[in-house]
Protein chains: 2
Amino acid sequence: MKLEEAKKEFILLWGNFGSQWGINKAMAQVHALLLTSDDPLCTDEVMEKLTISRGGANTSLRELTRWNLIYKVTVDGDRREFFSAEKDMWNVAKRITRERKRREIEPLILHLDRLKSIDEQNESTANFVGIVEDIERLVTRMDKFSEMLMKLEENAFFGSLLRMKK
Amino acid sequence: MKLEEAKKEFILLWGNFGSQWGINKAMAQVHALLLTSDDPLCTDEVMEKLTISRGGANTSLRELTRWNLIYKVTVDGDRREFFSAEKDMWNVAKRITRERKRREIEPLILHLDRLKSIDEQNESTANFVGIVEDIERLVTRMDKFSEMLMKLEENAFFGSLLRMKK
DNA sequence: TAAATTTTTCAATATTTTCTGAAAGTTTAA
DNA sequence: TTAAACTTTCAGAAAATATTGAAAAATTTA
């Protein structure tokens with residue numbers, strides 16, 4: 001397979017999977033393009049390589065910058081903005097996780113908590129509150145665990161657990 | 001807050017968050033309805049309580065059954081099918097995770113692997129293959145970790161780690 | 001076996017999400 | 001200060017997704 005071909009396929013692949021990770025397709029494709037580009041690219045190059053509109057390119061680049069997945073780069077003697085991707089995939093994962101937590105987990109817990117103060121006191125209420133509390137516990141737990149996971153790189157002991165074969 | 005009110009809100013909430021977990025809104029709402037219902041419900045009751053069509057109710061119930069998030073229940077002297085939800089949220093999480101792995105992680109790894117055989121051999125290729133391999137490592141790692149997490153309930157040592165305060 | 005009831009399917013429709021591109025806004029160089 | 005170069009915005013268009021409901025299929029009862 002030719003390199004250029006593989007890169008194109010990677011862009012489509014990452015675009016599809018991005019949607020499942022809370023990143024929309026266009027944004028994920030721009031990310032993939034920059035990830036696999038040897039040099040930083042400017043808005044027009046992104047538009048051209050992905051055949052998307054200026055508006056779309058701009059929005060994706062802005063959002064990716066906000067997520068800290070890409071950086072603005074200046075090129076001497078050129079006043080356009082160029083963009084370059086964070087290439088350490090571990091950092092990428094950390095930043096995506098952080099963003100999702102901010103947008104999904106935190107509001108969920110806040111909202112769930114409000115649902116626990118019910119007027120009636122009977123078995124039905126107890127069941128309902130039980131479910132809500134179970135969900136809260138579960139979400140909190142998974143969140144703590146993912147925080148642990150995100151700190152692994154600095155921790156030899158847990159790191160070694162991860163490297164174990166199935 | 002009245003119990004019925006809280007249940008309605010929970011259904012909306014779970015419907016929204018479901019979308020972010022790979023479950024579509026209708027399906028997540030049906031799940032929430034059954035989770036918070038004291039008794040098993042039949043298709044018409046689901047249609048009525050959520051004001052959705054017969055087709056939608058049927059599809060959601062079938063899919064939830066396939067995911068093992070709800071069970072068919074028979075009621076004596078009634079030939080309709082009734083449905084009841086798995087109430088152990090830990091099992092719920094395990095089954096959702098399993099399904100997402102099957103639909104997302106496995107195809108991703110298969111596809112990524114194919115992208116590594118590039119004709120040219122130069123620095124550009126090395127960079128590209130490096131990124132692909134980093135992603136594979138990361139995904140594999142997270143997957144192993146989530147498997148560990150899913151086995152925690154049976155493991156006192158790791159369970160205690162999770163219960164630690166921040 | 002046939003009628004009655006329940007379940008499933010899927011083409012048509014409605015809704016939501018995403019994308020475009022022209023116009024407005026901003027920055028830079030001279 | 002002005003004009004050219006670059007960036008951002010957002011209303012409308014297009015695409016993708018979800019939902020309906022009536023008809024067909026399947027199942028049960030008698």
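Numbers restart at 1 for each chain; the letters A, B, ... are given by sequence-line order, proteins then strands. Not measured: the values here are computed from a predicted model.
Remark: side-chain polar atoms of A:Arg103 are paired, donor with acceptor, to backbone N or O of A:Gly22 under 3.5 angstrom. Between the A:Asp119 side chain and the B:Met1 main chain, a donor and an acceptor come within less than 3.5 Å of each other. Checking side-chain atoms of A:Lys101 against main-chain N and O of A:Glu106 turns up no donor-acceptor pair under 3.5 Å. In terms of modelled atom types and a separation under 3.5 Å, the side chain of B:Glu120 and the main chain of B:Asn122 share no donor-acceptor contact. A:Ser19 contributes a side-chain N or O that, together with a main-chain N or O of A:Gly15, makes up a donor-acceptor pair within less than 3.5 Å. With hydrogens and angles disregarded, no donor-acceptor distance shorter than 3.5 Å links the side chain of A:Glu63 to the backbone of A:Ser60.
To the nearest angstrom, C1' of C:dT5 lies 13 Å from CD of B:Glu81. One atom, CZ of B:Phe82, and another, P of C:dT6, lie 10 Å apart when rounded to the nearest Å. Atoms CG (A:Asp44) and C1' (C:dG21) sit 14 Å apart, rounded to a whole Å. The distance between atom CG of B:Asn16 and atom C1' of C:dT16, rounded to the nearest whole Å, is 13 Å. If you take CD1 of B:Ile52 and P of C:dT13, they are 21 Å apart, rounded to a whole angstrom. Rounded to an integer number of Å, the gap from CD of B:Gln29 to P of D:dA18 is 13 Å. Note: CG (B:Asp78) to C1' (C:dT7) measures 14 Å, nearest angstrom. Between B:Asn24 atom CG and C:dT17 atom C1' the separation is 15 Å, expressed in whole Å.
Contact annotation: B:Asn58 side-chain N/O to C:dT8 OP1/OP2 distance is under 4.0 Å. Side-chain N/O atoms of A:Arg54 include none lying less than 4.0 angstrom from OP1 or OP2 on D:dC6.
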Check nucleotides 26-30 of chain D against the protein and report each pair of N or O atoms closer than 3.5 Å, with its distance, or say if there are none.
none

What are the atom names and distances for every N/O pair under 3.5 Å that joins the protein to nucleotides 10-12 of chain C?
none

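Take the nearest nucleotide of DNA chain D for A:Cys42 and for A:Lys25: the residue whose nucleotide is more 5' is A:Cys42.
One hydrophobic cluster, built from ILVMFWY side chains closer than 4.5 Å, holds both B:Leu138 and B:Leu108.
Under a cutoff of 6.0 Å and an axis angle of 45°, B:Arg141 and A:Trp90 form a cation-pi pair.
Picking from D:dT19, C:dT6, C:dT18 the nucleotide with the shortest atom distance to the side chain of B:Ser53 gives D:dT19.
Other residues, nucleotides and ligands place no more than 12 heavy atoms under 6.0 Å from the CH2 atom of B:Trp21.
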